[in-house]
Number of protein chains: 2
Amino acid sequence: MSPSNPSQIRKTPRQRRSAETVEAILTAAAHILEKEGFDAATTNHVAVKAGVSIGSLYQYFPNKESLVRALNDRHTREILELLRKRFVEVRKAPMEDSVKAIVRAMVEVHRVNPALHRVLVNIVPSIGGLAETRVVEDSATNLLSQFLKARAAELRPLNPDLSAFMLVHAVEALTHAAVLEHPELLKGDVFVNEASLMILGYLRGSAEASKHPPPRAAKK
Amino acid sequence: MSPSNPSQIRKTPRQRRSAETVEAILTAAAHILEKEGFDAATTNHVAVKAGVSIGSLYQYFPNKESLVRALNDRHTREILELLRKRFVEVRKAPMEDSVKAIVRAMVEVHRVNPALHRVLVNIVPSIGGLAETRVVEDSATNLLSQFLKARAAELRPLNPDLSAFMLVHAVEALTHAAVLEHPELLKGDVFVNEASLMILGYLRGSAEASKHPPPRAAKK
DNA sequence: GGCAGATGTGAGTAAAAGCTCACATTCTTT
DNA sequence: AAAGAATGTGAGCTTTTACTCACATCTGCC
């Protein structure tokens, strides 16, 4: 397969008809993963739900894993695009507004299809997609690290890579938990405010004890 | 069987011999889950590795799920016990020391068997263990919420349940990420310090924000 | 020793799921 | 229109795996 095809699509569709077939397969797979979970997403089931034959599915996806990875690739690409966009947009906004905008973006992204997202996050590493997941995490960490460097003057002394690592994982987990366990927090700005308090508290130092020396750990 | 047996053990061992069999099965299952993943943990494979026959396995575990759930129960019970212990220990320690001790406990707990822990966290919800997982999360949240109430005087005004929810999820995710992706941060106190900065920053309020209040209302 | 209950055995069964392949249909091109 | 390429089909093959059951062996007790 071509090296520029991380999800290992077997055949590149040449006619509109086949492009629609691929789309139907991916959509059906997403629906099943979301509503019934990974175990229910058998290749036969996906094919039936997509309204195509099992043979067609295997024309485009060499195996079940590649199908799930294709979905994951699309999903993570969307997330990264939105994040990049937001980081550019807030480049000159006040610190607090920037942080809130980015948290909002995270929520926005995770609310599109939380169940699917969770399934993908859980399953992808075990089907050879660990590398892809790391790429996404690293990209997000880099975006945030750049942001922290640009805003250093407004923050306590810190190691941008380390802080970005901490925040990426904390915010990702918080967003997951909020979307899946306490969606009511997302109605108003409760969640965005709390997450921002945490982020800003971490980046600025706490009110009473803000006399910590900068950490000396170098990442990577 | 007995209602106090959430992992649904089929038969209660009456002789030492059978207790050893059960132990061997659980140990083998843990090893396989840890080293080879969930898919490799077939019942036959577990039985062979445990040095018992497949029939013996099914004498004590009615199905594969119950076996994994039994492992998970044991694992989460250990975690909760340690956390409870630590929360009691730090009841009268200074805020900063308390927070660090609790973060250390989290790291300690997750370092015992990070790979197994990750597998269990990923798999248990999909095999009927979601309730158990929620129980653990809720217990941890309650412990922390109590702690926050007791220390209210040292903290900014906050909602203990909400803050506990935020912190439980953030710290859990951070510990996972550190253990699995950057174990070098655990060598010294780098990780413990960073996590504590985040926690204390969140609980005390950020340095600048408390000097000059935000231009807009914090709540919408 | 000898019995009864507890425990252990593993070949075999049945169901599920991934995947192939020989063939049918549709599209593009000349 | 015709041919060849692209696409679509689905019965069924193959492998895997959870799980059973008829039987063997062990252990404690009289």
Side-chain angles (χ1 to χ4, degrees), chain A residues 1-2 7-29 32-33 36-71 119 123 126-129, chain B residues 1-2 5 7-29 32-33 36-71 119 123-124 126-129:
Chain A
M1 327 292 157
S2 91
S7 53
Q8 285 166 262
I9 280 196
R10 184 176 256 176
K11 230 179 206 173
T12 305
R14 302 183 114 65
Q15 300 176 4
R16 187 183 309 153
R17 175 165 67 125
S18 57
E20 279 163 8
T21 299
V22 170
E23 188 54 40
I25 293 170
L26 288 173
T27 304
I32 294 172
L33 284 176
E36 307 175 54
F38 183 71
D39 287 345
T42 69
T43 49
N44 284 283
H45 190 179
V46 169
V48 168
K49 182 131 189 173
V52 306
S53 82
I54 182 65
S56 290
L57 189 155
Y58 278 95
Q59 293 237 337
Y60 301 104
F61 302 96
N63 51 51
K64 191 187 172 177
E65 283 76 34
S66 70
L67 172 55
V68 177
R69 257 179 285 141
L71 265 184
V119 170
I123 252 62
S126 70
I127 58 174
Chain B
M1 297 287 161
S2 89
N5 201 331
S7 53
Q8 284 165 262
I9 279 195
R10 185 174 256 177
K11 230 179 206 174
T12 306
R14 302 182 114 64
Q15 300 177 4
R16 188 184 308 155
R17 175 165 65 124
S18 57
E20 280 162 9
T21 299
V22 170
E23 189 53 41
I25 292 169
L26 287 173
T27 304
I32 294 172
L33 283 176
E36 307 175 55
F38 183 72
D39 287 344
T42 69
T43 49
N44 284 283
H45 189 180
V46 169
V48 169
K49 181 132 189 172
V52 305
S53 82
I54 181 66
S56 289
L57 189 154
Y58 278 94
Q59 292 236 337
Y60 301 103
F61 302 96
N63 51 50
K64 189 186 172 179
E65 284 76 34
S66 71
L67 172 54
V68 177
R69 256 179 286 142
L71 264 184
V119 170
I123 252 62
V124 163
S126 70
I127 58 174

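Letters A, B, ... are given to chains in the order of the sequence lines, protein chains preceding strands, and every chain is numbered from 1.
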Please determine whether side chain to side chain contact (heavy atoms under 4.5 Å, CB included) holds for the pair B:Y60 and B:S18, giving the CA-CA distance in whole Å, both sets of side-chain angles, and the decisive distance to 0.1 Å.
CA-CA 9 Å; B:Y60 301 103; B:S18 57; 3.1 Å; yes

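- Atoms CD and CG, on B:E65 and B:L67 in that order, are 9.5 Å from each other to the nearest 0.5 Å.
- OP1 or OP2 of C:dT7 lies within a sub-4.0 Å distance of a side-chain N or O belonging to B:S18.
- Contact record, B:A70 with B:L26: CB-CD2, 4.1 Å, taken as the closest heavy-atom pair.
- Atoms CD1 (B:I32) and C1' (D:dT17) sit 14 Å apart, rounded to a whole Å.
- Counting to the nearest Å, the P atom of C:dT20 and the CG atom of A:N63 are 9 Å from each other.
- Heavy-atom nearest nucleotides on DNA chain C were determined for B:I54 and for B:R16, and the one closer to the 5' end corresponds to B:R16.
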Heteroatom pairs (N/O) under 3.5 angstrom, protein to nucleotides 24-30 of chain D:
none

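- Within a heavy-atom distance below 4.0 Å of DNA chain D, no residue of residues 39-48 of chain A is found.
- Partners of B:Q15 by side-chain hydrogen bond (donor to acceptor under 3.5 Å, both in side chains), not counting sequence neighbours, listed by chain and number: B:R17.
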Show which side-chain atoms of residues 42-56 of chain A pair as donor or acceptor with protein atoms under 3.5 Å away, not counting sequence neighbours.
from: A:T42; atom 1: OG1; to: A:H45; atom 2: N; distance (Å): 3.0
from: A:T43; atom 1: OG1; to: A:Y58; atom 2: OH; distance (Å): 3.4
from: A:H45; atom 1: ND1; to: A:A40; atom 2: O; distance (Å): 2.9
from: A:S53; atom 1: OG; to: A:G55; atom 2: N; distance (Å): 3.3
from: A:S53; atom 1: OG; to: A:S56; atom 2: N; distance (Å): 3.3

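- What separates NZ of A:K64 from P of D:dT16 is a distance of 16 Å, to the nearest Å.
- Closest-nucleotide positions on DNA chain C for A:Y58 and B:V52 were compared, and the one nearer the 5' end corresponds to B:V52.
- The distance between atom CG of A:L57 and atom C1' of C:dA17, rounded to the nearest whole Å, is 13 Å.
- Taking B:I123 as the reference, B:F38, B:V68, B:I127 meet the side-chain contact (heavy atoms from CB on, under 4.5 Å) condition, with sequence neighbours excluded.
- The side-chain hydrogen bond (donor to acceptor under 3.5 Å, both in side chains) check on A:T27 picks up A:E23, with sequence neighbours excluded.
- A:S56 comes within 4.0 angstrom of a base, heavy atoms only.
- For A:F38 and C:dA17, the CZ to C1' distance is 12 Å, given to the nearest whole Å.
- If you take CD of A:Q59 and C1' of C:dC19, they are 13 Å apart, rounded to a whole angstrom.
- A:T21 has no side-chain polar atom (N or O) that falls below the 4.0 Å cut-off from OP1 or OP2 of D:dT7.
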